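Below: one structure, written as structure tokens.
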Amino acid sequence: MTTMTLGVFQRPERGMGRSFVLSALVHIVLAAVLFLGVRWQVHPPSTVEVELVDAPPPPPAPVVEAPKPPPPPKVEPEVKPPPPVPKPDIVVREKPKPKPEPKKAPPPKPKDDLELKKRMQEQLAMEQKALDQQRQERQLRELLAAQKADAARKATAARASALGEYIGRIQAKVRGNWILPQDLQGNPEAIFLVIQLPTGEVLSTKLLKSSGNPAYDTAVERAILKSSPLPLPSDRSLFDRELKLTFRPRDK
């Protein structure tokens, strides 16, 4: 028991020393503050002298930086449209547009019914006159055409008649010069092509269609040559160097 008590009193406490030091420092600081405060109140305030000098130069103007150019826009890659699908070659014909009818100017309004009737009568008279003139012209054309056709028909008939008369005189002369076979029967037909000079002299003959009887054909050919020169037409326009002559023994 005695040993334990001595041990307790011999160990000094560490916290007491620190507390004493802190307390002393606090008192010293308070004393200094009181001393300085009392001194500041006792002494008169010191005079502050201000010396005016030139105003300081104005501060330099702030440098305004030029705005930076905006960054270039991003160029997106160009997307090419798909190639157009070729249309089939189909030609669609457009319907022709109807032509607009020309607008007729409206006739002036008549002053009264009498003037309107007068104009209508004059118009009807003019139309009737035009119709009569057209009818007369048509009748004149028809008459001239009929006269021309009749004249042509008559000329053709006259030429045919004159040509027939000319051929008949040649055939008659040939018949007067032929000597037919004794045993000839029926009415055989022989056709010859005769080539003559403008004087009627026969240059040559050619049998185009035989009668079927060589003796009759030979007799006709000899008669044609014997009849040279042949009769000439009264109208020289009917003369032809080549004549097609038909002979039948029973014809007159």
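All of these numbers come straight from a predicted model, not from anything done at the bench.
Taking NZ of Lys129 as the start and CD of Gln133 as the end, the distance is 7.5 Å to the nearest 0.5 Å. Rounding to the nearest 0.5 angstrom, the gap separating the CD1 atom in Ile167 from the NZ atom in Lys244 is 11.5 Å. A distance of 3.5 Å separates OG1 of Thr205 from CD of Glu221, quoted to the nearest 0.5 Å. If you take CD1 on Ile170 and CD on Glu165, they are separated by 10.0 Å, rounding to the nearest 0.5 Å. Atom CG in Leu116 sits 12.5 Å away from atom NZ in Lys118 (nearest 0.5 Å). The CD atom of Glu189 sits 11.0 Å away from atom CG of Asp217, with the distance rounded to the nearest 0.5 Å.
Between Asp132 and Gln128, the side chains place a donor N or O and an acceptor N or O closer than 3.5 Å (distance only, hydrogens not considered). For the residue pair Ser237 / Asp235, a side-chain donor-acceptor distance below 3.5 Å is found, with atom types taken as modelled.
Put simply, the side chain of Gln171 gets close to the backbone of Thr246: a donor and an acceptor are under 3.5 Å apart.
Pairs passing the side chain to side chain donor-acceptor pair (under 3.5 Å) check and including a residue from residues 222-232, sequence neighbours excluded, read Asn177-Ser227.
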Determine all donor-acceptor pairs shorter than 3.5 Å in which one atom belongs to a side chain in residues 194-201; sequence neighbours excluded.
residue	atom	partner	partner atom	Å
Gln196	NE2	Tyr166	OH	3.2
Gln196	NE2	Asp240	O	2.9

Do any side-chain atoms of residues 148-158 form donor-acceptor pairs under 3.5 angstrom with protein atoms, and if so which ones, sequence neighbours left out?
residue	atom	partner	partner atom	Å
Asp150	OD1	Arg153	NH2	2.8
Asp150	OD2	Lys154	NZ	3.2
Thr156	OG1	Ala152	O	2.8

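One hydrophobic cluster holds both Leu225 and Tyr216 under the rule that ILVMFWY side chains link at heavy-atom gaps under 4.5 Å. Grouping the Ile, Leu, Val, Met, Phe, Trp and Tyr side chains by contacts below 4.5 angstrom, directly or via other members, places Ile191 apart from Leu180. The cluster map of Ile, Leu, Val, Met, Phe, Trp and Tyr, joined by side-chain heavy atoms under 4.5 Å apart, puts Leu232 and Ile224 in the same cluster. In the hydrophobic cluster analysis, where Ile, Leu, Val, Met, Phe, Trp and Tyr join through side-chain heavy atoms closer than 4.5 angstrom, Trp178 is grouped apart from Leu208.
With contacts defined as side-chain heavy-atom distances shorter than 4.5 Å, the pair Asp251/Arg175 qualifies. Under the 4.5 Å side-chain criterion, counting only non-hydrogen atoms from C-beta, Gln134 is in contact with Leu131. Between Pro229 and Val202, every side-chain heavy-atom pair lies at or beyond the 4.5 Å cut-off. Residues Asn213 and Gln185 fail the side-chain proximity criterion, which asks for heavy atoms closer than 4.5 Å.
Heavy atoms only, all atoms of each residue included: Pro249 and Gly186 are closest at CG-O, 4.3 Å.
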